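What follows is one structure encoded as structure tokens, with my remarks underneath.
Whatever order the structure lists them in is the order used to number ligands and atoms, beginning at 1. Since this is a predicted model, take the numbers as computed values, not measurements. The residues of the chain are indexed from 1 along the displayed sequence.
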Amino acid sequence: METKLLRETEQDIQEAAAILRAGGLVGIPTETVYGLGANGLDSSAVGKIFAAKGRPQDNPLILHVPDASWLARYCRGVPDSAYTLAARFWPGPLTMILPRKDVVPDAVTAGLDTVGIRCPNHPVTLAIIRAADVPVAAPSGNTSGRPSPTCAAHMVEDMTGKIDAIVDGGQCGVGVESTIIDLTCTPPRLLRPGGLPLEALEEVLGEVAVDAALLRPLGEGEKPKAPGMKYRHYAPKAPVTVVLGEPSATADYIAARLGEHTGVICFDEWAGRFAGHVVENIGSSARKDEQARRVFDALRAFDHTDVTEIYAQCPHEDGLGLAVANRLKKAAGFHVVEV
Ligand code: AMP
Ligand code: MG
């Protein structure tokens, strides 16, 4: 299959919408990461997403809508809190889990009786969804297991020949996926940390429970509520070790262990310590927004080098740091040392 590269023009927006309406797959830019979109009401189109990504069938997709007025089309008994969150944070990096209506196919929800729904903050993708006039089911646009794409080039790397088109909407401004909040339980439960900090949700919702799958590797037979959280994810080919602690101490720890083919993910201030090695600096230690924007590109970059092991500095888990640390730990298969 030839994969067309589309741009942010009115003509290309209409073409992307037409492909979606016809049951095809389109790589779409969002503020979080690039998504791999299909008509969310068309089971056979949605099935192609799983094939193109090599995604396990039991891992549901998120439905993307252009505004909160679409919530009631696809969800039952939408609580006031969903509208309050939408008014405050949509369009934006927040996915809400709600009871689904029957119009949403099993292919989207992996058979669950809930659906994840989000309004992305990217003008081109909002225009495509409105022009297609269907909700767009989309997971991240990477091959399953690889780091999520944060620019069109990453999507080209993973999806060329497998999907109909990729819309180049520039670099993702947030860089990590949406925060997922389950509103079907009391208190609401954070299923995935992401581009909207937990603290912002707590301001609106009060108490928020945090799913155990975010904090530690799951035991044998344990089931996370967001099925995606159980898979190894975001991983470069070389094994990753996440080093927790004060940045000066973690820099010392890593510097003492550098072999010829060691790669390093570090904060800008410490990049000089690792001269002569493959270094991906992800921003200053104080700038978690920058770290979120850079983390997936950094993880991907090592696959184009000869590194055989990777050490990573890791931010404190407040604000966006919770999402950055989660992605690094998952990339490491929770191989973490504390210094
Ligand atoms: P991705 O954006 O590629 O990470 O894929 C969507 C994520 O949303 C996965 O981690 C899914 O497990 C999660 N998700 C989607 N729908 C639901 C749902 N109904 N309940 C819980 N998690 C969901
Ligand atoms: Mg994903």
Side-chain angles (χ1 to χ4, degrees), residues 25 27-38 40 46 49-50 52-65 71 74-76 78 82 92-102 104-120 122 125 135-150 154-155 158-159 163 172 174-185 188-196 209-214 218 222-235 295-296 299-300 323 326-327 330-331:
L25 298 186
I28 49 172
T30 83
E31 82 282 28
T32 58
V33 303
Y34 273 68
L36 179 52
V46 169
I49 292 177
F50 289 83
K53 280 181 62 91
R55 184 176 177 95
Q57 296 288 338
D58 67 347
N59 193 3
L61 311 179
I62 293 169
L63 269 192
H64 293 75
V65 297
L71 274 172
Y74 308 116
C75 306
R76 278 181 293 114
V78 180
L94 176 67
T95 296
M96 302 188 233
I97 305 296
L98 292 164
R100 70 149 156 164
K101 282 191 170 166
D102 290 342
V104 181
D106 278 344
V108 170
T109 67
L112 297 175
D113 55 7
T114 56
V115 62
I117 195 154
R118 158 168 129 86
C119 174
H122 195 294
T125 287
V136 172
S140 53
N142 50 288
T143 299
S144 246
R146 294 205 75 208
S148 302
T150 54
H154 294 165
M155 275 224 71
D158 282 15
M159 290 298 152
I163 65 176
C172 298
V174 173
V176 290
E177 298 89 339
S178 59
T179 299
I180 304 182
I181 185 85
D182 186 350
L183 296 179
T184 67
C185 48
R189 181 176 294 267
L190 179 74
L191 301 187
R192 175 174 75 183
L196 183 72
V210 174
D211 204 63
L214 308 187
L218 289 170
E222 258 189 304
K223 257 196 187 163
K225 257 201 105 176
M229 298 305 287
K230 74 171 172 275
Y231 294 107
R232 181 152 188 259
H233 230 133
Y234 314 129
V295 66
F296 283 131
L299 286 165
R300 248 172 207 267
N326 170 266
R327 303 311 187 268
K330 288 193 64 114

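By the 4.0 Å N-to-carboxylate-O rule, E31 lies close enough to R118 to be salt-bridged with it.
Shown here are the side-chain hydrogen bond (donor to acceptor under 3.5 Å, both in side chains) partners of R100, two or more places apart in sequence or in another chain: D106. A search for side-chain hydrogen bond (donor to acceptor under 3.5 Å, both in side chains) contacts involving T95 returns S178, not counting sequence neighbours. Remark: P147 engages F296, L299, R300 in a side chain to side chain contact (heavy atoms under 4.5 Å, CB included) (not counting sequence neighbours).
How far CD1 of I117 is from CG of L94: 11.5 Å, rounded to the nearest 0.5 Å. Note: I181 CD1 to L98 CG = 10.5 Å, rounded to the nearest 0.5 Å.
Between R192 and T179, the closest side-chain pair of non-hydrogen atoms is not below 4.5 Å.
For ligand 1, the atoms closer than 4.0 angstrom to any heavy atom of S140 are 1 (P), 2 (O), 3 (O). Which parts of ligand 1 touch L112 is read off a 4.0 Å heavy-atom cut-off, strictly below it: atoms 18 (C), 19 (N), 20 (N). Residue N59 has at least one heavy-atom neighbour below 4.0 Å for each of these atoms of ligand 1: 9 (C), 11 (C), 12 (O). Close approach to I180 involves these atoms of ligand 1, each under 4.0 Å from a residue heavy atom: 7 (C), 8 (O), 13 (C). Close contacts between ligand 1 and V115 involve ligand atoms 19 (N) [criterion: under 4.0 Å to a heavy atom]. For ligand 1, the atoms lying closer than 4.0 Å to a non-hydrogen atom of T114 are 18 (C), 19 (N), 20 (N).
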(request) Apply side chain to side chain contact (heavy atoms under 4.5 Å, CB included) to the pair R146 and D158, showing each step before the final yes or no. (result) CA-CA 9 Å; R146 294 205 75 208; D158 282 15; 2.6 Å; yes
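The two residues P105 and G40 make their nearest non-hydrogen contact at CD-O, 3.2 Å. Residue D182 comes nearest to T184 through the heavy atom pair OD1-OG1, 2.6 Å, listed as atom of the first residue, atom of the second, then distance.
Within the set R192, R189, K53, the minimum heavy-atom distance to atom 2 (O) of ligand 1 is found for R192. Residue R55 holds the heavy atom nearest to atom 5 (O) of ligand 1 of all those in R100, M96, E177, R55.
A donor-acceptor pair shorter than 3.5 Å can be found between the side chains of E177 and S148.
Shown are the protein N/O/S atoms under 2.8 Å from the Mg ion (ligand 2), given by residue and atom: S140 OG.
Contact analysis leaves T109 out of contact with ligand 1, as no non-hydrogen atom separation drops below 4.0 angstrom.
Of all the heavy atoms of I97, the ones lying under 4.0 Å from any atom of ligand 1 belong exclusively to the side chain.
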